[in-house]
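Keep in mind the model is a prediction, meaning the values are calculated, not measured.
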Amino acid sequence: NTRLVPDRKLGDGSQREAQRPVIAMMKGSSVKNVIIGGKGADGIHCRGENTLSNVWFEDVGEDALTVEGANVRWIGGGARKAEDKIVQLNHKGPFHGENLYFENFTTGVRGNGNKSFGDTPFRVTLKNIGARDGICLLRFSSKGAHGEMQGIFHANIQHLGRADNGSKIDWLDKPAK
C-alpha cells in the first residue's frame, strides 16, 4: 500500500469548506491500495465512473470521499475518526460501497440535503459494511433518494439509516450486531 500524508497547503483537515482534495480523480480513473494518513484535507474527490479499491483513511478531514459524478464504487478499505461525514454525495450517483469498515464517525454516507441538492434522487448501495462507534450509517433528506443495505455488522451505532423528506432505505437482510 502507498501511504499519503496530506500537505497542510491542501487544508487543515477541519470541517472548514473549500479545502482541496488529497486526490482528485478524473472521470474514468481508479485508485488502488492507498492509505490517506493524518488529517486528510478533503480526502478524495470522484468526478464519475471511478473505482476505489482497498483505500483507507486513518483520520478523516472534511470528508473522506466526495462523490461529484455517476457510478462511483468503493470496494474494500474504510475510514475512521470522521468528525462529520465519511462519504459526501454531491451527485445522484449511483454510489456503491462494499466490504468497508467505518469507525468513530458522525455520518457514514450522506446525501447532501442543502438547497442545491434538496430534490436530488441519490442512489446508494452499501453491502458488507462493518460500522462501530457512529451516529448514523446512511442519511438522506432529499426527495426521491433511495438506499439499499445488506450485510451490515455494527456496534454502538445510534441510527443505521435515516430517510427524511420522501427518501427511502431498503434492508435486503436483517442487520447483525
Open item on the list: Over 60° means perpendicular and under 30° means parallel, so tell me whether Phe57 and Trp74 are parallel, tilted or perpendicular.
Closed with: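 Plane angle over 60°, so perpendicular.
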Nearest 0.5 angstrom please: [X] [atom1] to [Y] [atom2], how far?
X      : Y      : atom1 : atom2 : result
Ile135 : Gln158 : CD1   : CD    : 4.0 Å
Lys81  : Asp133 : NZ    : CG    : 12.5 Å
Arg73  : Ser30  : CZ    : OG    : 12.0 Å
Tyr101 : Arg132 : OH    : CZ    : 6.0 Å
Leu100 : Leu126 : CG    : CG    : 8.0 Å
Phe102 : Ile86  : CZ    : CD1   : 4.5 Å

- [ ] Is it possible for you to say whether Val31 and Trp56 belong to one hydrophobic cluster, with membership spreading through side-chain heavy-atom contacts below 4.5 Å?
- [x] no
TODO: Kindly work out whether a path of hydrophobic side-chain contacts (I/L/V/M/F/W/Y, heavy atoms less than 4.5 Å apart) joins Val34 to Val5.
DONE: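 In one cluster with Val34: Val5, no.
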Evaluate the side-chain proximity of [Y] to [X]: yes if any heavy-atom separation is below 4.5 Å, no if none is.
X      : Y      : value
Val109 : Leu137 : no
Thr66  : Asp42  : yes
Ile169 : Met149 : yes
Arg139 : Asp164 : yes
Gln88  : Val67  : no
Leu65  : Cys46  : yes
Asn71  : Pro94  : yes
Ile44  : Asn50  : no

TODO: Show the numbers, then the answer: is there a salt bridge (Lys or Arg N to Asp or Glu O under 4.0 Å) between Glu68 and Arg47?
DONE: CA-CA 5 Å; Glu68 299 174 338; Arg47 304 287 192 259; 2.4 Å; yes
Give a yes or no on whether the backbone of [Y] and the side-chain of [X] come within a donor-acceptor separation of less than 3.5 Å.
X      : Y      : result
Ser142 : Thr120 : yes
His159 : Gly161 : no
Thr106 : Glu83  : yes

Taking every non-hydrogen atom, the tightest pair across [X] and [Y]:
X      : Y      : value
Pro121 : Lys92  : O-CB, 3.7 Å
Phe140 : Gly147 : CE1-N, 3.4 Å
Gly97  : Ile129 : O-CD1, 3.9 Å
Gly144 : Arg123 : O-NH1, 2.6 Å
Ala64  : Ala79  : CB-CB, 4.5 Å

TODO: Determine, step by step, whether Ile23 and Leu4 satisfy the side chain to side chain contact (heavy atoms under 4.5 Å, CB included) criterion, reporting the C-alpha distance in whole Å, the side-chain angles of both residues, the deciding distance to 0.1 Å, and the verdict.
DONE: CA-CA 10 Å; Ile23 298 173; Leu4 302 175; 3.8 Å; yes
Do the side-chain N and O atoms of [X] and [Y] include a donor-acceptor pair separated by under 3.5 angstrom?
X      : Y      : answer
Arg110 : Ser141 : yes
Asp173 : Trp171 : no
His96  : Glu98  : yes

- [ ] Give a yes or no on whether a salt bridge exists between Glu58 and Arg3, defined as a side-chain N under 4.0 angstrom from a carboxylate O.
- [x]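 Yes.
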TODO: Check the pair Leu52, Val72 against side chain to side chain contact (heavy atoms under 4.5 Å, CB included), reporting the backbone distance first and the verdict last.
DONE: CA-CA 8 Å; Leu52 294 85; Val72 173; 4.3 Å; yes
